[in-house]
Visitor: 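Got a structure here, written out as structure tokens. Questions coming.
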Amino acid sequence: QVQLLESGGNSVQAGGSLRLSCAYSRFLLRRTCMAWFRQAPGKEREGVASIDIDGTTNYADSVKGRFTFSEDNARNTLYLQMDSLKPEDTAMYYCAADMTRWRSCTLRSSAHSTWGQGTQVTVSS
């Protein structure tokens with residue numbers, strides 16, 4: 001069973017930055033699509049960004065230009081750099097893996113079979 005562990009969530013002021021990390025099992029060789037999702041209380045889970053086997057990224061319109069998905073394969077770690085944070089970015093953030101795809105990644109939550117526990121991001125204003 002693939003394990004994912006998010007960290008880096010915190011409480012920040014609007015306009016600030018955070019970098020989230022997602023450490024994944026060494027048995028997952030980062031061939032599959034990986035993605036970040038977020039969910040605020042009472043709202044549906046929202047796909048934030050994805051990355052494929054080639055490192056090609058895709059972002060939700062709501063975060064495009066502000067968030068950057070990157071990775072350090074040697075350390076089995078994914079990163080989500082979040083800049084210019086807004087109160088509406090407040091949510092629990094999850095790292096997830098879509099084991100059925102290597103490319104043409106999707107931001108549909110149902111396509112992802114492996115999830116981390118989440119890390120809380122709170123943006124105040």
Side-chain angles (χ1 to χ4, degrees):
Q1 189 172 350
V2 177
Q3 290 185 298
L4 303 168
L5 180 62
E6 303 95 335
S7 62
N10 213 330
S11 180
V12 299
Q13 293 184 346
S17 297
L18 284 174
R19 188 179 73 165
L20 306 184
S21 297
C22 172
Y24 55 90
S25 171
R26 63 184 180 275
F27 299 108
L28 178 64
L29 302 180
R30 245 303 289 156
R31 296 173 179 174
T32 66
C33 290
M34 305 292 289
W36 286 96
F37 291 83
R38 65 185 182 184
Q39 187 168 25
K43 296 185 177 180
E44 294 184 354
R45 187 162 295 182
E46 174 189 18
V48 174
S50 66
I51 189 167
D52 73 5
I53 188 173
D54 300 311
T56 300
T57 53
N58 184 53
Y59 301 91
D61 289 340
S62 59
V63 306
K64 195 171 298 181
R66 299 187 298 120
F67 290 11
T68 304
F69 199 167
S70 64
E71 61 185 332
D72 184 342
N73 298 107
R75 296 185 181 277
N76 289 5
T77 303
L78 306 168
Y79 302 100
L80 184 66
Q81 177 67 42
M82 305 184 295
D83 298 317
S84 301
L85 284 163
K86 305 174 181 179
E88 49 263 47
D89 294 319
T90 296
M92 184 73 75
Y93 282 72
Y94 300 90
C95 181
D98 177 358
M99 305 303 292
T100 71
R101 296 177 174 85
W102 287 7
R103 295 182 174 87
S104 299
C105 304
T106 178
L107 290 179
R108 290 187 298 107
S109 61
S110 61
H112 298 74
S113 60
T114 303
W115 296 79
Q117 296 295 311
T119 186
Q120 179 67 41
V121 172
T122 301
V123 184
S124 61
S125 181

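The figures that follow rest on heavy atoms only: side chains count, while hydrogens, waters and symmetry mates do not. Along the sequence shown, residues carry numbers from 1.
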Visitor: Does F67 belong to the same Ile/Leu/Val/Met/Phe/Trp/Tyr cluster as F69, with side-chain heavy atoms less than 4.5 Å apart forming each link?
Guide: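 Hydrophobic grouping puts F67 with F69.
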Visitor: Which residue pairs pass the salt bridge (Lys or Arg N to Asp or Glu O under 4.0 Å) test with at least one member in residues 7-17, sequence neighbours excluded?
Guide: none
Visitor: To check you understand the geometry: which heavy-atom pair defines the closest contact between T77 and S21, and what is its length?
Guide: CG2-CB, 4.2 Å
Visitor: Give the minimum heavy-atom separation between L107 and A35, together with the two atoms involved.
Guide: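 Smallest interatomic distance, heavy atoms only, reads CD2-CB, 4.4 Å.
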Visitor: Mind listing the closest non-hydrogen atom pair of T119 and G9 along with its distance?
Guide: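 Minimum heavy-atom separation between T119 and G9: OG1-N, 3.0 Å.
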Visitor: Mind jotting down which residue pairs meet the salt bridge (Lys or Arg N to Asp or Glu O under 4.0 Å) criterion with at least one end in residues 110-121? Sequence neighbours excluded, please.
Guide: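 Salt bridge (Lys or Arg N to Asp or Glu O under 4.0 Å) check on residues 110-121 returns no pairs.
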Visitor: Between T32 and D98, is a side chain to side chain donor-acceptor pair (under 3.5 Å) present by the stated rule, with each step listed?
Guide: CA-CA 6 Å; T32 66; D98 177 358; over 6 Å; no
Visitor: Starting at CG of L18, measure out to CG of L80 and round the result to the nearest 0.5 Å.
Guide: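 It is 9.5 Å, given to the nearest 0.5 Å.
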Visitor: What pairs with D72 under salt bridge (Lys or Arg N to Asp or Glu O under 4.0 Å), at least two apart in sequence or on another chain?
Guide: R75
Visitor: On a heavy-atom basis, which atom in C105 and which in D52 lie closest, and how many Å separate them?
Guide: SG-CB, 3.5 Å
Visitor: May I have all residue pairs that pass disulfide (SG to SG under 2.5 Å) and include part of residues 46-96, sequence neighbours excluded?
Guide: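 Listed by first then second residue: C22-C95.
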Visitor: Could you tell me whether a side-chain N or O of D54 sits under 3.5 Å from a main-chain N or O of T56, the two making a donor and an acceptor?
Guide: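 Pair absent, no side-chain N/O of D54 close to backbone of T56.
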Visitor: With clusters defined by side-chain heavy atoms of hydrophobic residues (ILVMFWY) lying less than 4.5 Å apart, directly or transitively, does M82 cluster with I51?
Guide: yes
Visitor: M34 versus E71: any side-chain heavy-atom pair under 4.5 Å?
Guide: no
Visitor: Roughly how far, to the nearest 0.5 Å, is the CG atom of L85 from the OG atom of S125?
Guide: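 Going from OG on S125 over to CG on L85, the span is 12.0 Å.
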Visitor: Can a donor-acceptor pair be found, under 3.5 Å and without considering hydrogens, that links the side chain of T90 to the backbone of V123?
Guide: yes
Visitor: If hydrophobic clusters are built from ILVMFWY residues whose side chains come within less than 4.5 Å, do Y59 and V48 share one?
Guide: yes
Visitor: Is there a continuous path of hydrophobic side-chain contacts, each under 4.5 Å between heavy atoms, that joins Y79 to L20?
Guide: no
Visitor: Side-chain donor-acceptor contacts of residues 36-43 below 3.5 Å, not counting sequence neighbours, with atom names and distances?
Guide:
unit_1: R38; atom_1: NE; unit_2: E46; atom_2: OE1; d: 2.9
unit_1: R38; atom_1: NH1; unit_2: D89; atom_2: OD1; d: 2.8
unit_1: R38; atom_1: NH1; unit_2: Y93; atom_2: OH; d: 2.9
unit_1: R38; atom_1: NH2; unit_2: E46; atom_2: OE1; d: 3.3
unit_1: R38; atom_1: NH2; unit_2: S62; atom_2: OG; d: 3.4
unit_1: Q39; atom_1: OE1; unit_2: R45; atom_2: NE; d: 3.2
unit_1: Q39; atom_1: OE1; unit_2: R45; atom_2: NH2; d: 3.1
unit_1: Q39; atom_1: NE2; unit_2: K43; atom_2: O; d: 3.0

Visitor: R101 side chain to C33 main-chain N or O, any donor-acceptor pair under 3.5 Å?
Guide: no
Visitor: Which residues pass the side-chain contact (heavy atoms from CB on, under 4.5 Å) test with S124, sequence neighbours left out?
Guide: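 If we apply the side-chain contact (heavy atoms from CB on, under 4.5 Å) test to S124, skipping adjacent residues, the hits are Q13.
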Visitor: How long is the straight-line distance from OG of S17 back to CZ of R66, given to the nearest 0.5 Å?
Guide: 10.0 Å
Visitor: So how far is it from N10 CG to R19 CZ, rounded to the nearest 0.5 Å?
Guide: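 Result: 14.0 Å between the selected atoms.
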Visitor: Can you establish whether the number of heavy atoms outside Q81 located under 6.0 Å from its atom CD is more than 12?
Guide: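 Yes, the 6.0 Å shell around CD holds more than 12 heavy atoms from other groups.
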